[in-house]
Asks: 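Structure in structure tokens, see below.
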Amino acid sequence: MLDSVLFDLDGTLLDTADDFLAIIHSMRQDRGLPESPLHLIRSTVSDGSAGMLCAAFSITPEHPNFAGLRDDFLERYQRQLAVHTRPFPGVPELLDWLDAEGLPWGVVTNKMSCFSIPLLEAVGLSKRCASLVCPDQVTHGKPHPEPLLKACAEMGVDPARSVFVGDHLRDIQAGQAAGMRTVAALYGYLPAGDDPQHWNASYSIENAAALRPWLEQQRTKEFCHV
């Protein structure tokens with residue numbers, strides 16, 4: 001049986017990298033620096049603003065300039081968080097199918113609610129999303145299972161009959177700790193040098209469209225805690 005599907009946000013449900021890249025470019029341009037390559041930013045999106053800034057400016061969080069760079073980055077992102085952001089190919093059709101089948105879906109992210117809420121509103125998904133759980137709404141963020149269990153409670157579903165889809169090891173770890181089936185989104189922002197084969201996810205997908213056939217199979221199976 002299948003009660004619900006939960007998604008990570010950046011790198012799984014939405015392709016946000018181009019907005020981050022545009023901000024990094026403008027910040028570097030303002031400082032007389034050349035543009036950063038897209039692959040450098042994509043591979044660090046899952047590490048949040050700290051990861052992207054450290055990669056783009058070759059610094060660490062302990063650097064005296066880091067706090068100022070992060071404030072600048074977050075202020076710019078708040079103003080332009082959905083200029084280039086779009087759902088990944090196949091995601092709109094997948095969500096349409098979930099809605100048509102009466103299967104609730106939600107988002108569990110490590111992105112703060114002050115960004116996640118307006119982002120979902122900007123891409124037209126906020127009213128369709130049955131639950132959105134952000135790190136400032138829980139005591140522990142992923143890979144702790146708390147945010148996933150909170151989302152399942154809000155949707156009134158059994159975690160053991162739910163699936164979590166994500167593009168980072170901590171997503172898979174959180175899903176497993178919550179007793180859910182897990183899916184590794186290989187099309188997402190995989191960190192450089194990371195091997196998803198070692199994540200031990202229940203399933204892996206190369207694109208969002210590949211998720212529906214697997215979910216259809218899960219609807220006829222009894223879930224076991226993983």
Side-chain angles (χ1 to χ4, degrees), residues 1-16 85-111 113 116-117 119-134 137-138 141-168 170-188 196 199-226:
M1 298 292 291
L2 178 65
D3 283 357
S4 70
V5 182
L6 293 173
F7 298 91
D8 174 47
L9 188 55
D10 299 69
T12 301
L13 198 70
L14 300 181
D15 188 357
T16 55
T85 290
R86 299 290 185 274
F88 278 99
V91 165
E93 294 82 1
L94 175 63
L95 298 183
D96 286 345
W97 175 74
L98 290 172
D99 289 344
E101 293 294 313
L103 287 170
W105 60 269
V107 174
V108 176
T109 176
N110 278 352
K111 183 195 290 284
S113 60
S116 298
I117 293 173
L119 179 58
L120 285 180
E121 290 175 348
V123 297
L125 295 178
S126 60
K127 294 182 179 179
R128 298 171 61 185
C129 179
S131 175
L132 169 64
V133 178
C134 304
Q137 300 168 336
V138 292
K142 298 177 294 183
H144 197 281
E146 181 188 355
L148 296 180
L149 297 176
K150 176 178 173 63
C152 288
E154 290 181 351
M155 295 190 295
V157 299
D158 184 354
R161 295 175 181 267
S162 301
V163 168
F164 185 42
V165 188
D167 68 322
H168 195 280
R170 64 172 163 264
D171 296 321
I172 306 306
Q173 292 173 328
Q176 292 170 340
M180 302 171 69
R181 293 283 174 95
T182 56
V183 177
L186 305 184
Y187 57 84
W199 297 356
N200 297 317
S202 307
Y203 193 61
S204 298
I205 52 174
E206 296 285 350
N207 54 71
L211 184 59
R212 175 178 169 177
W214 184 78
L215 291 176
E216 289 176 325
Q217 293 177 358
Q218 305 313 298
R219 299 190 74 181
T220 63
K221 294 181 179 179
E222 279 296 327
F223 274 28
C224 298
H225 285 273
V226 178

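This structure is a prediction, so every number in the text was calculated from the model and none was measured.
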Asks: Would you check if Val107 and Ser116 make a side-chain contact, meaning some heavy-atom pair closer than 4.5 Å?
Replies: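 Not in contact.
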Asks: Anything under 30° is parallel, anything over 60° is perpendicular, the rest tilted; go ahead and classify Trp105 against Phe7.
Replies: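 The rings of Trp105 and Phe7 stand perpendicular, inter-plane angle above 60°.
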Asks: Pro147 and Val138: which non-hydrogen atoms are nearest, and at how many Å?
Replies: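 In this case the closest contact between Pro147 and Val138 is CA-CG1, 4.1 Å.
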Asks: Shortest non-hydrogen contact from Thr220 to Gln217?
Replies: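 Looking at all heavy atoms of both residues, the closest pair is OG1-O, 2.9 Å.
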Asks: How long is the gap from CG on Leu125 to CG on Leu120, to the nearest 0.5 Å?
Replies: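 If we round to the nearest 0.5 Å, Leu125:CG and Leu120:CG are 6.0 Å apart.
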Asks: Applying side chain to side chain donor-acceptor pair (under 3.5 Å), can you list everything that pairs with Ser113, at least two apart in sequence or on another chain?
Replies: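 In terms of side chain to side chain donor-acceptor pair (under 3.5 Å), with neighbours along the sequence ignored, Ser113 is linked to Asp136.
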Asks: Taking all non-hydrogen atoms of both residues into account, name the closest pair between Leu94 and Ala208 and its distance.
Replies: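 Closest approach of Leu94 to Ala208, heavy atoms only: CD2-O, 4.1 Å.
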Asks: Find the distance between CG (Leu132) and OG1 (Thr109) and round it off to the nearest 0.5 Å.
Replies: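 Answer for the CG-OG1 pair, Leu132 versus Thr109, is 7.5 Å.
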Asks: Applying side chain to side chain contact (heavy atoms under 4.5 Å, CB included), can you list everything that pairs with Leu103, at least two apart in sequence or on another chain?
Replies: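 With sequence neighbours excluded, Leu103 shows a side chain to side chain contact (heavy atoms under 4.5 Å, CB included) to Leu2, Trp97, Leu98, Glu101, Arg219, given in chain and number order.
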Asks: What is the distance from atom CD1 of Ile172 to atom CE of Met180, rounded to the nearest 0.5 Å?
Replies: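 Between atom CD1 of Ile172 and atom CE of Met180 there are 10.5 Å.
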Asks: Can you tell me how far the CG atom of Leu211 sits from the CD1 atom of Ile205, to the nearest 0.5 Å?
Replies: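 Here the rounded value is 4.5 Å.
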Asks: Gly166 and Thr12: which non-hydrogen atoms are nearest, and at how many Å?
Replies: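 In terms of heavy atoms, the two residues are closest at CA-OG1, 3.4 Å.
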Asks: State, with a plain yes or no, whether a side-chain heavy atom of Asp15 is found less than 4.5 Å away from one of Arg86.
Replies: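 No. Closest side-chain heavy atoms not under 4.5 Å.
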Asks: Checking Glu154 side chain against Gly106 main chain: does a donor-acceptor pair fall under 3.5 Å?
Replies: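 The answer is no, because no donor-acceptor pair under 3.5 Å joins these two groups.
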Asks: Do we see a donor-acceptor contact under 3.5 Å between the side chains of Thr16 and Thr85?
Replies: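 No, no side-chain donor-acceptor pair sits under 3.5 Å.
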Asks: When rounded to the nearest 0.5 angstrom, what is the spacing between CZ in Phe88 and CG in Leu13?
Replies: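 Nearest 0.5 Å value for the CZ-CG distance: 9.0 Å.
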Asks: Check whether any side-chain N or O of Ser131 sits under 3.5 Å from a backbone N or O of Met155 as a donor-acceptor pair, and report yes or no.
Replies: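 No; zero donor-acceptor contacts below 3.5 Å.
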Asks: Taking all non-hydrogen atoms of both residues, which atom of Asp3 and which atom of Ser162 are closest, and how far apart?
Replies: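 Closest heavy-atom pair between Asp3 and Ser162: CB-OG, 4.2 Å.
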Asks: Side chains of Lys111 and Leu119: does their closest heavy-atom pair fall under 4.5 Å?
Replies: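 They are in side-chain contact.
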Asks: Does the side chain of Trp199 come within less than 4.5 Å of Thr182's, by heavy atoms?
Replies: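 No, their side chains stay 4.5 Å or more apart.
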Asks: Nearest heavy-atom pair of Asp167 and Asp10: which atoms, and what distance?
Replies: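 Shortest heavy-atom separation between Asp167 and Asp10 comes out as OD1-O, 3.5 Å.
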Asks: How many angstroms lie between NZ in Lys142 and CG in Leu148, if you round to the nearest 0.5 Å?
Replies: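 So the NZ of Lys142 and the CG of Leu148 are separated by 7.5 Å.
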Asks: Kindly write out the residues that satisfy side chain to side chain donor-acceptor pair (under 3.5 Å) with Arg128, not counting sequence neighbours, or none if the list is empty.
Replies: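 Expected list: Asp96, Asp99.
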Asks: Is Glu216 salt-bridged to Arg212, cutoff N-O under 4.0 Å?
Replies: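 Judged by the 4.0 Å cut-off on N to carboxylate O distance, Glu216 and Arg212 do form a salt bridge.
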Asks: Would you call Asn207 and Pro89 a side-chain contact if the rule is heavy atoms closer than 4.5 Å?
Replies: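 No. Closest side-chain heavy atoms not under 4.5 Å.
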